[in-house]
**Q** 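Sharing a structure here in structure tokens format.
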Number of protein chains: 2
Amino acid sequence: MPPTIKDIAKKAGVSVTTVSKALNNYQDIKPETRKKILKIARELNYQPNTTARNLVLRKTNTIGLIISGLSTSRSAHHFLFDVICGINDQAYGKQYDVLLYGTNSENQKRMSYLDLCLQRNFDGVILMGVKTDDPYVQEVVEAEIPTVLIDVPIVTSTCGYVTTDNVKGAEMAVQHLLDLGHRHILMINGHRQAFVSLQREEGYKKALEANGLPFREDYVAYTDFESDSGAQAVVSLLQKHLQATAIFCASDLIAYGVITKCMEMGYRVPEDISVIGFDGIQLGEIMTPALSTIYQNRYVMGTSAVNMLIEMLEGSEGYSRVLPPTLIQRDSTKAITN
Amino acid sequence: MPPTIKDIAKKAGVSVTTVSKALNNYQDIKPETRKKILKIARELNYQPNTTARNLVLRKTNTIGLIISGLSTSRSAHHFLFDVICGINDQAYGKQYDVLLYGTNSENQKRMSYLDLCLQRNFDGVILMGVKTDDPYVQEVVEAEIPTVLIDVPIVTSTCGYVTTDNVKGAEMAVQHLLDLGHRHILMINGHRQAFVSLQREEGYKKALEANGLPFREDYVAYTDFESDSGAQAVVSLLQKHLQATAIFCASDLIAYGVITKCMEMGYRVPEDISVIGFDGIQLGEIMTPALSTIYQNRYVMGTSAVNMLIEMLEGSEGYSRVLPPTLIQRDSTKAITN
DNA sequence: TTGTATGCGTTATCAC
DNA sequence: GTGATAACGCATACAA
């Protein structure tokens, strides 16, 4: 049994009230008493019981980090890990604990968002990985528990979100290809249940139209963000559109699958076809050819989310924080030659 | 304010005891009473307050996942993420929560292992990423808190560990090179403060000696497991040992750095020099040439750790679980030609 | 089968 | 300055 304030009180010959006050730096305690109490606490190696503390203070100082699709997605870690690091570091600095809770679309049906949060007594939560048609997307606004969403654009008095400017990022990617002279640019998107897919497609469209080019639906294919499905998608897309000279991929992993498959099919990248990705994960540097891509700062997404959540915990309303993407030019894109 | 058992009791016209018992499936409750109570609980959307529960039960059902070097290491996620997924999945299935706690060597000095665990009221902890000279390595055995270490060989009544058989894995890697005819095999190891480095070096040594070859200290260089330092280390090592035809690297990232640098220096891989890694991360498939390596099942390390911890929580003593590595042959190793 | 009383470790109120 | 005492929400020994 670890020592409690009661043990300290007994040993010091004072009441628990006095001990509690001394330990919590109240000013109405005689300096000598405080000193004595602190000394005994140190001797006993006293550590306050967080559970008891949480109960009476009605605050757990705990952030629920709810991640949908944590384990199910093979590719998740490339994106998630840095965000988690950012969250962890920032939470640590602000004296908050992080409870990791991995879930998926199925489990979301079994336990409601509100129930989950109520049971765990989260002060607030950071929610990521949810799809547009996941139950939690609706429930999060009704629950009225301070929540920061990653990459899901919802703002209410208790909900905010942080995301990269995906529209802008996609525009930059496509504009980069246009600047290189490409006119027939395909897009291999993620799945339609991801907000970022919609946004990146919008950016793709905007860039084309800003340059007087038509948006063609049949230029776009959908995948699950993984390399395998990217590879699969590119085959039929390229066969249907032999005039294409460039491909914008909604993730670096898609781009990897696409490039590999293109080479298999006899295309040279970037000589015959330029490919650009999205994310800026380490993989892109390592591939041959090194991948041109749009970088999003995942670590900052994490720290921003924690900061926003804490602001909300202190009374602020939800808002949005949209981070700027960056174009990274490497070897998978090249000016068109003819 | 969320509803409590008191609210239910009032509404049902019974005592809180009855409610508590009904909710916890005690058998000495009249079926109708139970039914009524459950109905009201559902109506109010009652969720038990975990904090209060933890306090009285003296059990938090929470596993502390303490990771040293979570953010500091650029390469961490390749290894860590899968372990975390395994831990999360298994803990979820066994009704345990996972509190993520990232730390580093510095912070370990500021707050002792015991204090950290006492404050958070962890039932048990899974500890990973610690170096041989980190404070927690000593403190973990004194703390007497059920702990499972990842890749740190300590067994006491309250400590166990899970690891890959690194000696065996290294032997397999080196034997693979020997089988291909290589006789001058360099090793680029991780840092000396990692247990796995010591073990992999031992395996390297054993394989050489089993084949009647001498172990030469000057054939081994040390790095921080990252690609950059691998690249750096290989330069001087190769210059000193021009007869070398193969390199065993203690991580896939080191191998990547090594291969890149070798090519820069004009070597062909694997024609002039064979390179094998350790870990089996996705990067290896993507590199050119695709990396031969030793695969360790990180997800199972995670699930095993949770299982072991729960056994210990139920009274079992600490033990060790050593998982088998697998050789993956790809394109970075080749039979010697001369 | 149900209720009363007590305690888990802490903080807060208020009297002394 | 200090100390009873109640309260946080829940579980349980024991009495009824």
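Letters A, B, ... are given to chains in the order of the sequence lines, protein chains preceding strands, and every chain is numbered from 1.
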**Q** Does OP1 or OP2 of D/dG1 have a side-chain N or O of A/Y26 closer than 4.0 Å?
**A**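 So the side-chain polar atoms of A/Y26 never come under 4.0 Å of the phosphate oxygens OP1 or OP2 of D/dG1.
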**Q** Give, for atom CD of A/Q47 and atom CG of B/L116, the distance between the pair rounded to the nearest 0.5 Å.
**A** 9.0 Å
**Q** Figure out the CE/C1' separation between A/M1 and C/dG9, and round it to whole Å.
**A**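 In whole Å, C/dG9 C1' and A/M1 CE are 12 Å from each other.
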**Q** Mind listing the residues from residues 28-39 of chain A sitting with a heavy atom below 4.0 Å of DNA chain D? Number order is fine.
**A** A/D28, A/I29, A/K30, A/T33
**Q** Would you compute the distance between atom CD1 of B/I67 and atom SG of A/C85 and round it to the nearest 0.5 angstrom?
**A**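 Taking CD1 in B/I67 and SG in A/C85, the distance rounds to 8.5 Å.
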**Q** Nearest whole Å is fine: how far is D/dC10 P from B/K6 NZ?
**A** 10 Å
**Q** Could you list the protein-to-nucleotides 3-7 of chain D atom pairs, N/O on both sides, closer than 3.5 Å?
**A**
residue	atom	partner	partner atom	Å
D/dG3	OP2	A/S15	N	3.0
D/dG3	OP2	A/S15	OG	3.4
D/dG3	OP2	A/T18	OG1	2.4
D/dA4	N7	A/T17	OG1	3.3
D/dA4	N6	A/T17	OG1	2.7

**Q** Please give, in whole Å, the distance from D/dC8 P to A/L55 CG?
**A** 9 Å
**Q** Output the rounded distance in Å from CG (B/L118) to P (C/dT10).
**A**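 Atom-to-atom, B/L118 to C/dT10, this comes out as 10 Å.
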**Q** Would you indicate what A/I5 reaches in the nucleic acid, counting non-hydrogen atoms under 4.0 angstrom: base, sugar-phosphate, or nothing?
**A**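 Touches a base.
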**Q** Looking only at side-chain N and O atoms, does A/R120 offer a donor or acceptor that is under 3.5 Å from a partner on B/T50?
**A**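 No, no side-chain donor-acceptor contact under 3.5 Å.
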**Q** Test: side-chain hydrogen bond (donor to acceptor under 3.5 Å, both in side chains). Region: residues 10-19 of chain A. Which pairs qualify, not counting sequence neighbours?
**A**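 As it turns out, the side-chain hydrogen bond (donor to acceptor under 3.5 Å, both in side chains) pairs with a partner in residues 10-19 of chain A, which skip direct neighbours, are A/S15-A/T18.
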**Q** Rounded to whole Å, please give me the gap between NZ in A/K59 and C1' in D/dG9.
**A** 19 Å
**Q** Whether B/R58 contacts C/dG9 is assessed here as follows: a side-chain N or O lying under 4.0 Å from the phosphate OP1 or OP2. Is that the case?
**A**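 So the side chain of B/R58 is within the cut-off, an N or O lying under 4.0 Å from OP1 or OP2 of C/dG9.
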**Q** Any idea which of D/dA11, C/dA12, D/dG9 is nearest the B/S20 side chain?
**A**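 Selected nucleotide (nearest to the side chain): D/dA11.
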**Q** Which class fits the ring pair A/F81 and B/H77: parallel under 30°, tilted 30 to 60°, perpendicular over 60°?
**A** tilted
**Q** Could you give the distance from CG (B/L100) to CD1 (B/I84), rounded to the nearest 0.5 Å?
**A**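 It comes to 6.0 Å.
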**Q** Before you tell me yes or no, could you show the steps for B/E32 and B/K36 under salt bridge (charged side-chain N to carboxylate O under 4.0 Å, His left out), namely the whole-Å CA-CA distance, both residues' side-chain angles and the distance that decides it to 0.1 Å?
**A** CA-CA 6 Å; B/E32 307 139 48; B/K36 180 161 71 170; over 6 Å; no
**Q** Tell me the interatomic distance from B/N54, atom CG, to C/dT10, atom P, rounded to whole angstroms.
**A** 15 Å
**Q** Counting any heavy atom closer than 4.0 Å, what does A/N24 reach on the DNA or RNA strands: base, sugar-phosphate only, or nothing?
**A** sugar-phosphate
**Q** Report the distance from atom CZ of B/R53 to atom P of D/dA11, rounded to the nearest whole Å.
**A** 5 Å
**Q** Using 0.5 Å steps for rounding, measure from the CG atom of B/N45 to the OG atom of A/S112.
**A** 6.0 Å
**Q** Kindly compute the distance separating OG1 (B/T147) from CD1 (B/I63), expressed to the nearest 0.5 Å.
**A** 11.0 Å
**Q** Over how many whole Å does the gap from A/Q47 atom CD to C/dG9 atom C1' extend?
**A** 14 Å
